[in-house]
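As a basis for the values below, the full set of heavy atoms in this structure was taken, side chains included, without hydrogen atoms, waters or symmetry mates. The model shown is predicted, which means the values in this text are computed figures rather than measured ones. Residue numbers start from 1 in every chain, and the chains themselves are labelled A, B, ... in the order their sequence lines are given, proteins ahead of strands.
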Number of protein chains: 2
Amino acid sequence: MSDKEDAFTGARDAFIAEWGAMGSSWGINRTMAQVHALLFTSEDPLSTDEVMAELRISRGNANTTLRELVGWGLARSVIRKGERKEYFEAEKDVWRMFCIIARERKRREADPAVETLQRCLNAVSGHRSAQAATFRSQLESVLELMQLGGRVLERITSGERDRMMKLALKVLGAGGPRP
Amino acid sequence: MSDKEDAFTGARDAFIAEWGAMGSSWGINRTMAQVHALLFTSEDPLSTDEVMAELRISRGNANTTLRELVGWGLARSVIRKGERKEYFEAEKDVWRMFCIIARERKRREADPAVETLQRCLNAVSGHRSAQAATFRSQLESVLELMQLGGRVLERITSGERDRMMKLALKVLGAGGPRP
DNA sequence: CAGAACTTTCAGAATTGATTGAAAGCATGT
DNA sequence: ACATGCTTTCAATCAATTCTGAAAGTTCTG
């Protein structure tokens with residue numbers, strides 16, 4: 001059994017590492033992504049100490065990261081009867097996970113950026129030079145696409161999973177060369 | 001005029017800063033995003049020296065970053081008759097820009113990740129423990145969603161802009177409460 | 001209330017990633 | 001061949017982010 005156990009552990013560690021790497025390149029702290037991967041693939045909720053041990057990280061780091069995951073809505077804390085320790089479990093449904101991340105990032109990053117861009121646009125509304133015209137028109141295009149994208153994302157992430165899957169399949173079917 | 005000039009410059013600098021910040025939180029080097037913003041809103045192509053001067057960055061940094069932008073397909077170099085200097089201009093079409101970024105990131109990040117995840121999945125195929133079952137099923141769900149997402153993205157970014165805009169509007173119309 | 005169990009905080013250390021600038025490397029024209 | 005104008009490279013430096021661990025804080029239990 002220990003062979004199998006080891007192979008399993010290895011695969012899981014590989015997943016945790018990969019998820020961590022993906023996180024980094026998507027603006028999510030590596031450790032946070034790793035802790036998430038751990039909880040996400042864990043049978044049962046884990047305590048801070050278990051997370052520390054599995055990932056070889058400090059108590060402070062584990063604590064902060066778990067809080068942050070709860071803040072994102074990607075994990076929640078679980079208290080077992082008769083135990084004082086706090087345990088954590090991840091959102092296990094992949095579609096819901098995706099929606100949470102997408103909406104949260106939009107709210108934190110895209111929405112404020114759109115506002116700033118609007119302000120930039122207002123600031124040059126009175127300028128008549130060719131330079132200003134180029135700038136204005138580019139800015140308008142960007143804003144338009146961002147706002148459209150935002151609304152689409154809002155719709156997609158607030159629909160039920162099954163309807164969205166059907167929609168995806170339709171897009172795949174319809175996108176090909178025309179009849 | 002110098003008042004107007006200053007206000008324009010200010011707005012443009014704000015845009016460059018914002019674009020840089022957005023870049024950082026989307027895994028794109030801040031400077032690269034800034035140089036892109038500069039070219040993207042510039043009337044004419046710019047030389048390395050002009051980029052250096054506008055953004056107050058070193059020659060090495062400017063050169064590397066411009067190369068990288070060309071590598072991504074977000075900028076191209078332009079040579080003017082009778083001049084030895086190289087100038088750079090950005091892709092100005094926002095939709096095409098979006099498609100380039102989306103496809104390139106998929107190719108560089110998502111595709112390799114999917115492969116790794118596949119390998120993780122294979123590695124645990126023979127395991128029968130409850131732990132392994134949880135792990136396997138979570139991994140399967142993630143892979144499925146990533147692959148579906150990838151195919152959808154591929155379709156969307158290879159269609160013509162107008163068709164995609166129509167699609168977007170349809171999604172917005174259809175997503176509401178059912179009749 | 002005292003002590004044990006557990007959690008939070010945060011100043012400094014460590015790590016990672018970005019930037020500089022000067023030297024080396026081309027072309028081109030004379 | 002040499003000088004000139006421009007580009008590329010890369011070791012050293014700098015900046016930003018992340019992590020640690022010990023101390024302080026909180027909550028529970030007997």
To the closest 0.5 Å, what do you measure between OG1 (B/Thr134) and CG (A/Asp44)?
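Here the rounded value is 8.0 Å.
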
To the nearest 0.5 Å, tell me how far B/His36 NE2 sits from B/Met97 CE.
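Taking NE2 in B/His36 and CE in B/Met97, the distance rounds to 5.0 Å.
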
Would you check if there is a donor-acceptor pair between the side chains of A/Gln138 and B/Thr41 at a distance under 3.5 Å?
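Their side chains do not contain a donor-acceptor pair, so the 3.5 Å distance test is not met.
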
Under 4.0 Å from OP1 or OP2 of D/dT8: is there any side-chain N or O of B/Arg67 that close?
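Result: yes.
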
Reckon A/Asn63 has a side-chain N or O less than 4.0 Å from the OP1 or OP2 of C/dT8?
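Checking A/Asn63 against C/dT8: at least one side-chain N or O falls below 4.0 Å of OP1 or OP2.
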
Can you say whether the rings of A/His127 and B/Phe8 are parallel (under 30°), tilted (30 to 60°) or perpendicular (over 60°)?
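Geometry flag for B/Phe8 against A/His127: tilted rings.
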
Between atom [atom1] in [X] and atom [atom2] in [N], what is the gap in whole Å?
| X | N | atom1 | atom2 | value |
| --- | --- | --- | --- | --- |
| B/Glu83 | D/dC6 | CD | P | 8 Å |
| A/Ile79 | D/dT27 | CD1 | C1' | 12 Å |
| A/Met52 | C/dT8 | CE | P | 13 Å |
| A/Lys85 | D/dC28 | NZ | P | 16 Å |
| B/Glu86 | C/dT28 | CD | C1' | 15 Å |

Would A/Arg105 count as a cation-pi partner of B/Trp26, with NZ or CZ less than 6.0 Å from the six-membered ring centre and within 45° of the ring normal?
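Yes, A/Arg105 sits over the ring of B/Trp26.
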
Lys NZ or Arg CZ of B/Arg30 over B/Trp19 ring: under 6.0 Å, within 45°
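Relative to the ring axis of B/Trp19, which defines the angle, B/Arg30 lies outside at least one limit.
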
Taking the side chain of B/Asp49 as its heavy atoms from C-beta onward, which of D/dT7, C/dT7, C/dA27 lies nearest to it?
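Closest nucleotide to the B/Asp49 side chain: D/dT7.
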
Can you give one letter per nucleotide of nucleotides 14-24 of chain C, going 5' to 3': B for a protein heavy atom under 4.0 Å from the base, S for sugar-phosphate only, - for none?
----SSBB---

